[in-house]
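Data block below; observations after.
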Amino acid sequence: MATQPTKVAIIGAGTIGLSFVALHLMKNPNCTVTIYDIRPDLKEYMESKLPELLVDADVKECISRVSVADSLAKAVGEANIVQEQGREFARFKQSAWTQIEQHAPEDALFWSSTSGIPASEQSKYMKDQTRLVVVHPYNPPHIMPLLEVVPSPSTSQEVIDRTLEYWRSLGRVPVLIRKECTGFVANRLAFALFREACSLVAQGVVGVEDLDSVVQASMGPRWTVAGPFKSYHAGGGEGGLESFMDKIGGTVQACWNASDEDVKAAGLVVGGKWEKDVCRQTDEAYGVVDTAERDLKTKAVLEAVSR
Ligand SMILES: NC(=O)c1ccc[n+]([C@@H]2O[C@H](COP(=O)([O-])OP(=O)(O)OC[C@H]3O[C@@H](n4cnc5c(N)ncnc54)[C@H](O)[C@@H]3O)[C@@H](O)[C@H]2O)c1
């Protein structure tokens, strides 16, 4: 699909939208991108931010394929792909899709980058609910290969297939999520670990920087080559995961129990007393994080493991 001319309409070009603009431009030389965003400084914002994201690319050539539309209707009028990453409000997304389906070509793909509003809710007022699918990125999508493709029960198989095909043709890693669920899969996993991290720091077991060192020096690099199942399957030796559970299952259960008890005992809810102190410790440790450096290093790791 990347070999065919593709017209992409990007609706909402904030953190995620602009990163997707960069991704399409860098990975699909046959695409043009039209942006629609209500921010008054859109042109200046794009001129200053987009070149920073076009790493190792011909910046001038990429930017020559971008244009800005002054209405939603104009942005999507000739699009093959409409990708939405505006505000995270159901009403906004529902209203956008009813307008988009009026103005976009009949066979255009409709993707939402939402972190949590399922396609079934966003498509509620659409005439044709088969057209919409969530394509949830891991921030920032021009660096991170994962795209969670989350259809609603109404999304057509054709839309799912064309979506997977497009992203595979760009060398990304689209993963089809079989059922709509809160947070999809990547955030469920990441936030489970994050809850445990907050709990351990709040209890004074470990400091913020040391906790980060534990992750960066162990499961972080491991998980770039093998996910948790493959890792523990290997960890069980010849007997695989079953053997691992036989040998370590008692500790696994003890950790799960302790985790539930600690979270309750520490009153670990978002906005709870613990939060201020954990945020202060993190701020003292890191101040403002250099995301450009983070992204360059992540890119180098991904290139190394794909060799
Ligand atoms: N930031 C993340 O880590 C992340 C990760 C995955 C998915 N997402 C999802 O991506 C979406 C956008 O998140 P973000 O972090 O990029 O937000 P953001 O605030 O950086 O960007 C939102 C953009 O939408 C624009 N906008 C607002 N109203 C609009 C309208 N009526 N028409 C067109 N554009 C409009 C804003 O001007 C802004 O540029 C959300 O749905 C969010 O859940 C975010």
Side-chain angles (χ1 to χ4, degrees), residues 8-24 33-50 52-53 66-77 79 81-104 110-125 132-152 163 167 172-175 177 180-191 193-194 270 288-289 291-292 294-295 298:
V8 182
I10 292 286
I11 312 305
T15 308
I16 296 301
L18 207 62
S19 175
F20 267 126
V21 172
L23 173 60
H24 288 289
V33 177
T34 306
I35 299 176
Y36 175 66
D37 190 302
I38 55 166
R39 57 185 300 160
D41 62 341
L42 180 60
K43 269 207 145 151
E44 299 78 36
Y45 163 74
M46 268 176 46
E47 278 163 14
S48 71
K49 292 279 173 205
L50 188 54
E52 290 171 18
L53 306 183
V66 183
S67 60
V68 170
D70 59 11
S71 74
L72 185 58
K74 282 188 199 158
V76 306
I81 292 168
V82 180
Q83 198 169 13
E84 177 280 329
Q85 38 282 308
R87 301 165 73 202
E88 187 71 346
F89 291 120
R91 274 220 208 129
F92 162 75
K93 295 188 194 285
Q94 287 164 345
S95 152
W97 289 121
T98 55
Q99 294 173 62
I100 291 166
E101 78 173 338
Q102 277 180 47
H103 298 287
F110 292 169
W111 298 339
S112 170
S113 299
T114 182
S115 305
I117 305 169
S120 53
E121 195 177 343
Q122 294 192 37
S123 64
K124 225 171 172 176
Y125 304 110
L132 181 65
V133 66
V134 165
V135 175
H136 177 239
Y138 201 88
N139 184 32
H142 73 286
I143 300 287
M144 305 306 273
L146 175 69
L147 296 152
E148 293 181 277
V149 175
V150 196
S152 78
T163 301
W167 288 116
R172 306 318 269 177
V173 181
V175 173
I177 307 300
E180 290 185 326
C181 70
T182 304
F184 314 131
V185 173
N187 278 344
R188 285 289 282 269
L189 294 171
F191 294 157
L193 184 76
F194 185 53
V270 170
V288 177
V289 176
T291 53
R294 175 203 68 183
D295 292 346
T298 307

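Counting starts at 1 for both ligands and their atoms, in listed order.
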- Message: Distance alone, cut at 3.5 Å: any donor-acceptor contact between the side chains of Gln99 and Ser95?
- Response: yes
- Do Ile11 and Val76 pass the side-chain contact (heavy atoms from CB on, under 4.5 Å) test, and can you show the C-alpha distance, the side-chain angles, and the key distance before you say yes or no? CA-CA 9 Å; Ile11 312 305; Val76 306; 4.0 Å; yes
- Query: Which one holds for Ile38 and ligand 1: side chain close, backbone close, both close, or neither close, with close meaning a heavy atom under 4.0 Å?
  - Reply: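 Ile38 to ligand 1: contacts from backbone and side chain alike.
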- Query: What part of Phe92, side chain from CB on, backbone N/CA/C/O, both or neither, has a heavy atom under 4.0 Å from ligand 1?
  - Reply: side chain
Please could you name the atoms of ligand 1 that [X] approaches to less than 4.0 Å, counting only its heavy atoms?
{"X": "Asn139", "answer": "3 (O)"}
{"X": "Gly12", "answer": "24 (O), 34 (N)"}
{"X": "His136", "answer": "6 (C), 7 (C)"}
{"X": "Tyr36", "answer": "32 (N), 33 (C)"}
{"X": "Arg87", "answer": "27 (C), 28 (N)"}

- Query: Should the ring pair Trp111 and His24 be called parallel, tilted or perpendicular, given that the plane angle runs from 0 to 90° and is split at 30 and 60?
  - Reply: parallel
- Pair Glu148-Val134, side-chain contact (heavy atoms from CB on, under 4.5 Å): steps then yes or no: CA-CA 8 Å; Glu148 293 181 277; Val134 165; over 6 Å; no
Tell me: protein heavy atom nearest [atom], and distance?
{"atom": "atom 24 (O) of ligand 1", "result": "Gly86 CA, 3.5 Å"}
{"atom": "atom 20 (O) of ligand 1", "result": "Thr15 N, 3.0 Å"}
{"atom": "atom 8 (N) of ligand 1", "result": "Ser115 OG, 3.2 Å"}
{"atom": "atom 44 (C) of ligand 1", "result": "Ile16 CG1, 3.3 Å"}
{"atom": "atom 39 (O) of ligand 1", "result": "Asp37 OD2, 2.6 Å"}
{"atom": "atom 21 (O) of ligand 1", "result": "Gly14 CA, 3.3 Å"}
{"atom": "atom 22 (C) of ligand 1", "result": "Gln85 O, 3.7 Å"}

- Message: Please check if the number of heavy atoms outside Arg39 that lie under 6.0 Å from its CZ is greater than 12.
- Response: yes
- Message: Take a 6.0 Å sphere around OH of Tyr45 and say whether it holds more than 12 heavy atoms from other residues, nucleotides or ligands.
- Response: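 Atom OH in Tyr45 is crowded, with more than 12 foreign heavy atoms closer than 6.0 Å.
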- So is there a nitrogen or oxygen of Lys93 less than 3.5 Å from a nitrogen or oxygen in ligand 1? yes
- Message: Pro137 versus ligand 1: do any nitrogen or oxygen atoms come within less than 3.5 Å of each other?
- Response: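 The answer is no, given that Pro137 and ligand 1 share no N or O pair closer than 3.5 Å.
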Short question: side chain of [X], backbone of [Y] - any donor-acceptor pair under 3.5 Å?
{"X": "Glu84", "Y": "Ala96", "value": "no"}
{"X": "Gln83", "Y": "Val8", "value": "no"}
{"X": "Ser19", "Y": "His142", "value": "yes"}
{"X": "Lys93", "Y": "Arg87", "value": "yes"}

- Query: Can the ring centres of His103 and Trp97 be said to be less than 6.0 Å apart?
  - Reply: no
- Query: Under 4.0 Å from atom 41 (O) of ligand 1, do we find at least one protein heavy atom?
  - Reply: yes
- Query: Can you check whether a protein heavy atom sits less than 4.0 angstrom from atom 10 (O) of ligand 1?
  - Reply: yes
